[in-house]
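Have a look at the structure below, then the notes.
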Amino acid sequence: MKGEERVIYLDNNATTRTAPEAVAAMLPYFSEYYGNASSIHKFGGRLAKVVEEGRAKVAGFLGADPSEIIFTSCGTEGDNAAILSALDVCPKRRRKIVISTVEHPAILNLGKDLERRGYTVVKIPVDSLGRLDMDRAREMIDEETAVVSVMWANNETGNLYPVEALAELAHRAGALFHTDAVQAAGKIPFKLRDMNIDMLSVSGHKFHAPKGIGALYVRRGVRFRPFVVGGHQERGRRAGTENVPYIVGMGVAAELAMANFETENNYVRKLRDDLHNRLIAAIPSVRVNGDVEHRLPNTTNLSFEYIEGESILMHMDIHGICASSGSACTTGSLEPSHVMRAMGVPYTAAHGAIRFSFSRYNTQEDVDTVVEVLPGIIEKIRAISPYWADFVAKR
Ligand code: PLP
């Protein structure tokens, strides 16, 4: 990959660059201190302290106690572990899971699987801005509910959801509350010790730790049944040899995220807003997807109407610009994402949705390049789009 042209990476909700500081801290644990943290001998056993240091850093980052942190392999594992545990520990008459229509597949597809196993899964709808219908939430969360799981921040739109109000509804009904905070962690400030959340999952690779490490927070006093069963690691709550290098990497990434939280998020927000405003000004028929008043500082989702997002992505790729569309390439047809469909985004806009997501490693030059290049790309694609021609003819 070395020597290739400059990459303008605006796909940080998909994954982030591992912070160089995290990489440097991890390296000795691959080749020098490669022992097993659960060993009796000193060579391995002393790594238990390193694991606990990593845990303390992640706990500090989340505003939790270290004993409330379980290391996992990824966000998906945390999501699965939390819901399955909640179903196991609750009274058997509670067979209902309440989620939202805009969850990540880590929750949505688990929900489908649970339905096949006889559980009831209900989804709280959202409006055209992707805001949760809290009246429906109140109706849905009841005495039969085992667990409510609603994401803190949406990966496609960046929308933020009222997790504390939802936790309150869950608790009133005697249910547990879990949130998928994979996109929220490191991007919005919170301290779990001051909140009413029972379980929360995060993923290292969304905040500059490597891929393959995550954490599940389980509030002290909340019963938990392990998802990965085997050895006694993680105090019997998650089996499998501790991934010492990645735990070290996640600890450093968590420290970095905390150290410059305000400055970095303001910096990222400024870049995001600049791109957002200049693209809307420069390109006709752009629709904003999501709730701009309540969203992550690093994300914007724009639909370039009457053309395909995939086509836009491919043209941007030629210029080294990386972003995402919400579409899932299923069975050969490009379906708009479930998030766009849940929001009722019109067909002609849902197909042209592009998500731009920033991190601390982006620069003003990145924004300037996209603003320079994208209007021409959109014009070129629209010139051969029958939908655009039709729209222009009817205007
Ligand atoms: N939840 C959300 C909201 C996400 O955005 C993602 C990843 O994109 C996940 C869960 C899954 O995380 P992981 O890739 O660590 O399994």
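Atoms within each ligand, like the ligands themselves, are counted from 1 in listed order.
- A side-chain N or O of Arg295 and one of Thr300 form a donor-acceptor pair less than 3.5 Å apart.
- Summary of contacts: the protein heavy atom closest to atom 11 (C) of ligand 1 is Thr76 OG1, 3.4 Å.
- Counting atoms of ligand 1 from 1 in the listed order, those under 4.0 Å from a heavy atom of Gln183 are 3 (C), 4 (C), 5 (O).
- For His276 and Phe356, the gap between ring centers reaches or exceeds 6.0 Å.
- Atom CZ of Phe391 is surrounded by more than 12 heavy atoms from other residues, nucleotides or ligands within 6.0 Å.
- Here Asp180 has side-chain heavy atoms under 4.0 Å from ligand 1, and that is the only part of it that gets that close.
- Annotation for ligand 1: atoms under 4.0 Å from non-hydrogen atoms of Asn155 are 3 (C), 5 (O).
- Here is the list of ligand 1 atoms found below 4.0 Å of a heavy atom in Met151: 3 (C).
- Under a cut-off of 6.0 angstrom, the local environment of OH in Tyr267 is crowded, with over 12 non-hydrogen atoms contributed by other residues, nucleotides or ligands.
- Around NE2 of His294, the count of heavy atoms belonging to other residues, nucleotides or ligands within 6.0 Å does not exceed 12.
- At a threshold of 4.5 Å between non-hydrogen side-chain atoms, the residues Met340 and Glu156 count as touching.
- In this structure, His205 is part of the shell of residues with a heavy atom less than 4.0 angstrom from ligand 1.
- Using a 4.0 Å cut-off between heavy atoms, Glu77 makes no contact with ligand 1 at all.
- Ser325 places no side-chain N or O within donor-acceptor distance of the main-chain N or O of Gly309, the cut-off being under 3.5 Å.
- At the shortest separation from atom 4 (C) of ligand 1 among protein heavy atoms lies His104 CD2, 3.2 Å.
- Considering backbone and side-chain N/O of Gly75, one or more are found under 3.5 Å from N/O of ligand 1.
- The side chain of Lys206, and not its backbone, has at least one atom closer than 4.0 Å to an atom of ligand 1 (non-hydrogen atoms only; side chain from C-beta on).
- Within the listing of ligand 1, atoms 13 (P), 15 (O) sit less than 4.0 angstrom from a heavy atom of Ser203.
- Set against the non-hydrogen atoms of Cys74, the atoms of ligand 1 under 4.0 Å away are 13 (P), 15 (O), 16 (O).
- Evaluation of the salt bridge (Lys or Arg N to Asp or Glu O under 4.0 Å) test over residues 348-359, restricted to residues two or more places apart or in two chains, returns Asp11-Arg355.
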